[in-house]
Amino acid sequence: MCHVIVTCRSMLWTLLSIVVAFAELIAFMSADWLIGKAKPSSSEDGDNRMGGSQEPYRPTLGIYGRCTRISHMQLSRRDTLCGPYAENFSEIASGFWQATAIFLAMGIMILCAVAFVSVFTMCVQSIMKKSIFNVCGLLQGIAGMYTL
C-alpha cells in the first residue's frame, strides 16, 4: 500500500523538474539557434498589397531544423517553412553541432528520467537507504553539465 507523502519541497521540486525537462526539449527542437540578418520584404510582397505590416524575413537554423522562406507563397502571411533539414545524423551542420546534439540528448534523457522518478518520490522517499532527492539532485547536476 502506498502512502502519499507530499511536502511543499517535494511538490515544487517535482513541478520544476518537469518544467525544466520540457524546456530543454523545446530548446533542442527549436530552429532559433542561429538567426540570420534581416532581409526586408520587397514592395511587391503580398503583405504590402494587403495593407499588413512589413516584417523583415530572418532565416533561422537549429541543431537539425531550419526555417526558410517559400518564394511562391508571397500572398499569405505564412510564407516561411520550418522543419528538419537533416534526414540523418551525419547531415547535421557541423561536428560541433553533432556533439551538441549528443550532449543535449543525453542531458534531456537524464532530466526526463529524473522528472519521471520525481513523481514517485511522493510515495517513496528512499530506496536502499538512499534519499531519492539526493540521488535525483545529483543526476540533475550531471544533466546540467551535459546541457551547458
Side-chain angles (χ1 to χ4, degrees), residues 1-41 45-47 52-74 76-148:
M1 183 169 189
C2 177
H3 298 332
V4 177
I5 305 165
V6 179
T7 62
C8 290
R9 180 180 84 162
S10 66
M11 182 62 77
L12 182 64
W13 179 65
T14 300
L15 291 175
L16 287 177
S17 295
I18 293 168
V19 166
V20 167
F22 277 120
E24 285 285 331
L25 186 61
I26 290 169
F28 182 76
M29 302 296 282
S30 173
D32 294 332
W33 284 61
L34 291 176
I35 300 174
K37 290 182 179 180
K39 297 178 181 178
S41 299
D45 275 354
D47 287 343
S53 64
Q54 275 189 317
E55 289 186 23
Y57 164 68
R58 293 179 182 269
T60 61
L61 178 68
I63 295 263
Y64 71 92
R66 69 175 171 192
C67 292
T68 57
R69 176 174 236 158
I70 303 171
S71 60
H72 65 277
M73 292 185 62
Q74 292 181 358
S76 70
R77 292 186 185 265
R78 302 189 75 188
D79 60 349
T80 58
L81 176 67
C82 296
Y85 68 86
E87 291 185 20
N88 57 41
F89 185 74
S90 63
E91 291 181 358
I92 293 179
S94 71
F96 292 113
W97 286 55
Q98 290 173 351
T100 301
I102 290 171
F103 285 118
L104 267 175
M106 288 172 43
I108 289 169
M109 287 186 341
I110 292 171
L111 286 174
C112 288
V114 168
F116 183 71
V117 168
S118 70
V119 174
F120 293 110
T121 62
M122 293 184 192
C123 295
V124 179
Q125 289 187 334
S126 65
I127 294 177
M128 296 178 359
K129 297 183 181 180
K130 298 284 184 191
S131 170
I132 293 178
F133 287 107
N134 293 341
V135 173
C136 288
L138 176 66
L139 287 175
Q140 284 178 330
I142 292 170
M145 289 190 327
Y146 277 119
T147 59
L148 289 178

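This chain uses plain numbering: 1 for the first residue, then up along the sequence.
Applying the ring-ring contact (aromatic ring centres under 6.0 Å, His included) test to Phe116 and every residue at least two apart in sequence or in another chain returns Phe120. With sequence neighbours excluded, no residue forms a disulfide bond (SG atoms under 2.5 Å apart) with Cys112. With sequence neighbours excluded, the residues satisfying side-chain hydrogen bond (donor to acceptor under 3.5 Å, both in side chains) with Trp13 are Gln140. Legend: residues meeting side-chain hydrogen bond (donor to acceptor under 3.5 Å, both in side chains) with Ser90, ordered by chain and number and at least two apart, are Asn88.
Atom CD1 in Ile18 sits 12.0 Å away from atom CG in Leu111 (nearest 0.5 Å). Here the CE atom belonging to Met29 is positioned 9.0 Å from the CD1 atom belonging to Ile108, to the nearest 0.5 angstrom. Distance check: Leu25 CG to Ser30 OG gives 11.5 Å after rounding to the nearest 0.5 Å.
Remark: the backbone N or O of Ala31 is paired with a side-chain donor or acceptor of Thr60 at under 3.5 angstrom.
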Name the atoms and distances for all side-chain donor-acceptor pairs under 3.5 Å in residues 92-102, with sequence neighbours left out.
residue, atom, partner, partner atom, Å
Ser94, OG, Phe96, N, 3.4
Ser94, OG, Trp97, N, 3.4
Gln98, NE2, Phe89, O, 3.2
Thr100, OG1, Phe96, O, 2.8

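Between Tyr85 and Leu61, the shortest heavy-atom distance links the atoms CE2-CD1, 3.4 Å.
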